[in-house]
Amino acid sequence: MSPTGLLTRATPAALRGTVRVLLRQHRRPVRAACAILALGIAFVVGLRIWMASSPEHCADGDTTRCGDGSYLPTYARTSTETYLADGGTALLVLAGLIGLFVAGPLIARELENGTFRFIRAQSVSPAQWLAARIALPAVLVTAGTTVLVLVYRWGWSGVQDNEYASGLGWSESGVFPALGPAAVAYALLAVAVGALCAVLVRRTLPAMGLTALVLGAVALGFGKRRYELWPTARRLGKGAWPENAWNIESGMLTPSGKEIYWQDCWDAGLVGPEDPSRCLRDRGGVTDFADYHPGSHFWPLQFVETGILLVLAAAAVAVAFRVLRRRYA
């Protein structure tokens with residue numbers, strides 16, 4: 001029987017009954033999750049209120065004389081920027097905790113202590129048992145993460161337009177995941193990976209450890225290679241970087257079109273203060289170029305990353321049902 005066939009055996013009525021049992025068994029973690037959601041919302045709202053109530057003389061948040069060439073923001077503004085600069089990281093950590101809960105207390109512990117066999121004796125099929133333990137957290141984390149993303153975007157939009165704000169660009173690794181559907185996809189992947197690791201290992205702590213390792217590798221991989229998910233734009237000739245752009249690489253082109261990168265000269269220690277571009281010209285560079293992602297690439301990058309994460313999540317769920325069928329059919 002295919003994983004799809006296993007899913008079809010999990011009828012809606014059976015799922016509802018199993019889900020009710022799960023909610024009773026794990027009501028404390030569910031309440032804790034609701035408390036975290038409320039705290040997250042209150043924290044962002046509190047930051048915006050704190051910043052808005054602080055005395056600022058200028059539209060950019062300056063507390064000194066406007067337009068005098070100096071800039072001194074309030075402590076509330078700098079603190080808000082600092083906290084919001086790690087919003088994406090916070091959501092990734094939250095997704096990891098969800099994965100650990102699914103892998104450990106929700107699934108692996110029942111496989112390890114034999115509770116799973118007792119449930120089977122009550123006419124609950126393996127497909128129904130696993131489907132309920134995937135569907136319930138998937139629905140809850142989709143709703144909760146969506147709310148957190150919307151609240152974070154509202155908080156972030158109030159400070160990121162300031163030209164003096166640091167670490168709040170849409171491309172920052174600590175910001176990007178929290179600005180769109182990728183955050184929801186990470187949470188769903190965490191549920192799927194937790195379920196797969198649980199049925200593979202069938203021991204609580206090892207399953208949680210493996211889940212943390214896999215999710216950490218995925219988050220780190222996307223953080224390092226996210227810029228490759230969509231083709232970059234290229235600017236030829238000298239000039240400033242476009243506003244709100246994610247700067248990827250720059251250098252010079254030779255007459256044949258070969259790319260010579262600034263980073264190569266920096267690594268070789270050949271960039272001098274008097275003539276910084278001499279190294280590039282000595283290597284045959286004649287035309288400046290810059291590769292970047294403009295602000296318009298935000299949504300394509302978000303959707304591509306989200307799609308990849310959802311495909312990985314679907315694959316993990318399919319494998320989890322296949323493993324369960326082979327071991328407990």
Side-chain angles (χ1 to χ4, degrees), residues 28-54 56 59-61 73-102 136-191 215 218-219 222-223 226 244 246 295 297-307 309-310 313:
R28 288 184 178 178
V30 172
R31 291 171 182 169
C34 293
I36 292 174
L37 176 63
L39 285 174
I41 296 172
F43 184 70
V44 175
V45 172
L47 288 175
R48 285 291 302 268
I49 295 175
W50 183 28
M51 190 179 70
S53 62
S54 299
E56 297 179 342
D60 60 2
T74 63
Y75 179 68
R77 178 174 287 274
T78 56
S79 298
T80 298
E81 293 173 356
T82 300
Y83 288 127
L84 292 182
D86 291 322
T89 302
L91 284 184
L92 291 181
V93 171
L94 183 59
L97 294 176
I98 293 168
L100 294 181
F101 173 73
V102 172
L136 177 60
V139 170
L140 294 178
V141 302
T142 297
T145 307
T146 300
V147 172
L148 288 177
V149 167
L150 294 175
V151 172
Y152 177 80
R153 282 190 65 93
W154 171 76
W156 171 81
S157 64
V159 294
Q160 63 90 23
D161 288 336
N162 184 357
E163 61 176 316
Y164 297 103
S166 60
L168 287 175
W170 64 266
S171 61
E172 297 289 341
S173 59
V175 173
F176 183 87
L179 292 178
V184 179
Y186 273 109
L188 292 175
L189 178 65
V191 172
L215 294 177
V218 171
F222 275 105
R226 179 172 290 124
N244 199 30
W246 181 5
H297 285 190
F298 168 76
W299 285 112
L301 287 166
Q302 274 278 337
F303 290 140
V304 171
E305 185 167 342
T306 299
L309 292 170
L310 292 179

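Remember, predicted model here, so these are calculated numbers, not experimental data.
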Q: Look up atom CZ in F101 and atom CG in L97, then write down how far apart they are to the nearest 0.5 Å.
A: 11.5 Å

Q: To the nearest 0.5 Å, tell me how far L37 CG sits from L140 CG.
A: 10.5 Å

(Q) Could you work out, with ring-ring contact (aromatic ring centres under 6.0 Å, His included) as the rule, every residue matching W299, not counting sequence neighbours? (A) F303

**Q.** Worked check of side-chain contact (heavy atoms from CB on, under 4.5 Å) between L148 and L94
**A.** CA-CA 11 Å; L148 288 177; L94 183 59; 3.8 Å; yes

Q. Taking only residues two or more places apart in sequence or in another chain, which ones pass side-chain hydrogen bond (donor to acceptor under 3.5 Å, both in side chains) with R48?
A. none

Q. Which pair of heavy atoms, one from L179 and one from F298, lies closest together, and at what distance?
A. CB-CZ, 3.5 Å

Q. With a 4.5 Å heavy-atom cut-off, do I98 and V191 have their side chains touching?
A. yes

Show me the donor-acceptor pairs within less than 3.5 Å that the side chains of residues 79-91 make with the rest of the protein, sequence neighbours left out.
unit_1 : atom_1 : unit_2 : atom_2 : d
S79    : OG     : Y75    : O      : 2.8
T80    : OG1    : A76    : O      : 2.7
T82    : OG1    : T78    : O      : 2.8

Q) Where do L188 and T142 land on the side-chain contact (heavy atoms from CB on, under 4.5 Å) test, with the steps shown first? A) CA-CA 7 Å; L188 292 175; T142 297; 3.4 Å; yes

Q | Least distance between heavy atoms, A182 atom then L309 atom | A | O-CD1, 3.9 Å

(Q) Taking the side chain as everything from C-beta on, heavy atoms only, tell me whether E305 gets closer than 4.5 Å to F222. (A) yes

Q: Using side chain to side chain contact (heavy atoms under 4.5 Å, CB included) as the criterion, list what pairs up with L92, not counting sequence neighbours.
A: P177, Y186, A219

Q) Parallel under 30°, tilted from 30 to 60°, perpendicular over 60°: which one fits the rings of F176 and W170? A) tilted

(Q) So does M51 get a backbone contact from the side chain of R77, meaning a donor-acceptor N/O pair under 3.5 Å? (A) no

Q: Find the distance between CG (L301) and OG1 (T306) and round it off to the nearest 0.5 Å.
A: 10.5 Å

Q | Interatomic spacing from OG in S173 to CZ in R226 - rounded to 0.5 Å | A | 7.0 Å

Q: Sequence neighbours left out, what passes side chain to side chain contact (heavy atoms under 4.5 Å, CB included) with V151? Give chain and number order.
A: I41, V44, V147

Q) Which atom names give the shortest non-hydrogen contact between L215 and G99, and what distance separates them? A) CD1-CA, 4.3 Å

Q.
Once side-chain hydrogen bond (donor to acceptor under 3.5 Å, both in side chains) is applied, do any residues pair with E172, and if so which ones, sequence neighbours excluded?
A. none

